[in-house]
Amino acid sequence: MNKIISLTLLLFTSTIIFSQNNKSQSLVTSKPFILGVIDEIQSKELGEKRILNIYLPEGYKAGDATKYPVIYLLDGSADEDFIHIAGLVQFNSFEWVNQVPKSIVVGIATVDRRRDFTFPTTIEKDKKRFATSGYSDKFIAFIEKELQPFMDKKYKTTESKTIIGQSLGGLLETEILLKKPNLFNKYVIVSPSIWWDNGSIMNQDSVIFQENFSQPTEIYIAVGKEGLTPTEIPRVMEVDANLMAEKIKATKSKNIKIYFDYFPLENHATILHPAASNSFKFFYPQIKE
């Protein structure tokens, strides 16, 4: 008898739990969490289709007159730096933070960073080791002639253009700064691979060093405790980054503003996020009342 009563209670309890679970499940609905939009652009300069991951700020409406600064992010794939940098921009543009103006973030998804981010090297071993390298001129042309016009035509953009990149991406930014400085007015150069081609970019002349360079340009260079570079001739990442910053500081132009930031507690893998955060404080200093 006790067994029958126990079994009946068990079945009754199970029925109630099962019914409650079914009821709960019927009320649960799943929706995709939308962070931004994915655009594609067919590039004649690169001879391929490129994916753009785009974060649009809160309140963005295509029909409104409001326009927004654009932040271009190298290594901008969803599984690279797009999500954490977009989140950083969103957080810093909250009203209660108000460190950064609401901005559009364009993550340029990576295809072949050694090909896109490096200029030709004279180092024979690197030519063999990085066989696809040396076509940064094509990628820079893509940015200038295709990507920026595409963004300006399709989205509500201002004249403010920032670029963020690390490592080989920082090398590419340095090349753009020295060769085509007018493409951007804010540069976030993190742990740049100045070592490429045995540091030949250090010898690159540029209009930014001339007194008559007129475009207001802000440059933030950051490096962590990163040590020796992967070169036969010993070089140190921190030293290279600092030397580049000092070279730029020596410009005769009054329109160049530069800040060098050293992160002794960060390494090559961890530096980008805190560096990007600090760069916003440099670009948009808050006035204390």
Side-chain angles (χ1 to χ4, degrees), residues 38-54 69-77 80-82 85 104-123 126-127 130-155 157-190 192-194 196-197 199-210 213-219 221 244 248 256:
I38 299 175
D39 248 326
E40 291 185 344
I41 178 172
Q42 183 63 46
S43 171
K44 291 182 180 178
E45 295 293 335
L46 298 172
E48 64 190 11
K49 187 179 289 185
R50 298 302 293 251
I51 293 174
L52 308 174
N53 295 308
I54 300 174
V70 183
I71 297 172
Y72 291 85
L73 174 66
L74 303 173
D75 294 319
S77 299
E80 294 180 299
D81 296 316
F82 177 72
I85 294 297
I104 298 169
V105 180
V106 185
I108 309 170
T110 299
V111 173
D112 182 345
R113 64 200 309 273
R114 289 193 178 98
R115 179 196 70 184
D116 292 339
F117 297 171
T118 63
F119 50 85
T121 181
T122 58
I123 309 300
D126 285 346
K127 287 180 183 179
F130 309 119
T132 62
S133 65
Y135 293 93
S136 58
D137 58 336
K138 291 183 179 294
F139 193 77
I140 294 170
F142 159 68
I143 291 174
E144 179 181 18
K145 299 176 183 179
E146 297 175 333
L147 178 56
Q148 288 186 343
F150 172 84
M151 290 301 302
D152 291 340
K153 183 178 180 180
K154 187 169 182 179
Y155 295 93
T157 63
T158 67
E159 292 297 312
S160 177
K161 294 179 174 66
T162 300
I163 184 169
I164 300 175
Q166 182 196 8
S167 195
L168 288 179
L171 173 69
L172 177 75
E173 284 185 79
T174 306
E175 184 181 2
I176 293 172
L177 173 65
L178 297 177
K179 294 180 179 179
K180 296 257 184 183
N182 292 320
L183 287 185
F184 300 94
N185 43 37
K186 292 180 175 64
Y187 291 80
V188 181
I189 301 173
V190 182
S193 298
I194 302 297
W196 181 255
D197 192 35
S200 66
I201 198 165
M202 291 292 296
N203 302 319
Q204 177 74 46
D205 198 8
S206 174
V207 294
I208 70 168
F209 301 130
Q210 299 173 10
F213 180 70
S214 59
Q215 176 185 278
T217 304
E218 296 176 287
I219 305 148
I221 298 178
M244 178 57 72
I248 296 169
I256 294 287

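Computation of the quantities below employed the complete heavy-atom set of this structure, encompassing side-chain atoms and omitting hydrogens, waters and symmetry-equivalent molecules.
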Derivation and outcome, side-chain contact (heavy atoms from CB on, under 4.5 Å), residues F130 and L168: CA-CA 13 Å; F130 309 119; L168 288 179; over 6 Å; no

I201 and W196: CA distance, side-chain angles, deciding distance, side-chain contact (heavy atoms from CB on, under 4.5 Å) verdict: CA-CA 8 Å; I201 198 165; W196 181 255; over 6 Å; no

Verdict with reasoning, S200 to F119, per side-chain contact (heavy atoms from CB on, under 4.5 Å): CA-CA 10 Å; S200 66; F119 50 85; 3.5 Å; yes

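The two residues E45 and A141 come nearest to each other via the heavy atoms OE1-CB, 3.5 Å. Of all heavy-atom pairs spanning V188 and E173, the tightest one is O-OE2, 2.7 Å. Taking every heavy atom of both residues into account, S167 and R113 meet most closely at CB-NH2, 4.3 Å. In terms of heavy-atom proximity, V207 sits nearest to P181 at CG2-CG, 3.7 Å. Across F142 and S43, no two heavy atoms sit closer than the pair CD1-OG, 3.5 Å. Closest of all the heavy-atom pairs between L177 and I208 is O-CG2, 3.7 Å.
The shortest distance between side-chain heavy atoms of Q148 and T157 does not fall below 4.5 Å. Counting heavy atoms from C-beta on, the side chains of F184 and I176 come closer than 4.5 Å. In this structure, the side chains of P69 and T158 come closer than 4.5 Å at one or more pairs of heavy atoms. In this structure, the side chains of D39 and K154 come closer than 4.5 Å at one or more pairs of heavy atoms.
Rounded to the nearest 0.5 Å, atoms CD1 (I38) and CG (L52) are 10.0 Å apart. To the nearest 0.5 Å, the span separating OG1 on T174 from CD1 on I194 amounts to 4.0 Å. Rounding to the nearest 0.5 angstrom, the gap separating the CD atom in Q204 from the CG atom in L178 is 6.0 Å. Taken from CG in L74 to CZ in F82, the straight-line distance is 13.5 Å, to the nearest 0.5 Å. Rounding to the nearest 0.5 Å places CD1 of I256 at 8.0 Å from OG of S206. Of the inter-residue distances, the one linking I85 atom CD1 with I164 atom CD1 reads 5.0 Å to the nearest 0.5 angstrom.
For K138, the salt bridge (charged side-chain N to carboxylate O under 4.0 Å, His left out) test picks out no residue, with sequence neighbours left out. By the salt bridge (charged side-chain N to carboxylate O under 4.0 Å, His left out) test, E175 is found to be paired with K179, residues two or more places apart in sequence or in another chain being considered. Listed by chain and number, the residues in a side-chain contact (heavy atoms from CB on, under 4.5 Å) with D116 are L46, R50, F139 (sequence neighbours excluded). For the salt bridge (charged side-chain N to carboxylate O under 4.0 Å, His left out) test, no residue two or more places apart in sequence or in another chain qualifies with D137. Under the rule for a side-chain contact (heavy atoms from CB on, under 4.5 Å), the partners of N185 that lie at least two apart in sequence or sit in another chain are S160, Q215. Listed by chain and number, the residues in a salt bridge (charged side-chain N to carboxylate O under 4.0 Å, His left out) with D152 are K161 (sequence neighbours excluded).
Annotation: L183, atom CG; neighbour count of heavy atoms from other residues, nucleotides and ligands within 6.0 Å is above 12. By the neighbour-count criterion of 12 heavy atoms within 6.0 Å, atom OH of Y135 is sparsely surrounded, having that number or fewer from other residues, nucleotides or ligands.
Across T162, V105, V106, I104, a single residue satisfies side chain to side chain contact (heavy atoms under 4.5 Å, CB included) together with Y72, and that is V106.
Remark: side-chain polar atoms of S77 are paired, donor with acceptor, to backbone N or O of T110 under 3.5 angstrom. Between the side chain of E146 and the backbone N or O of K44 there is at least one donor-acceptor pair closer than 3.5 Å.
Counting only N and O atoms by type, the side chains of T121 and D126 include no donor and acceptor under 3.5 Å apart.
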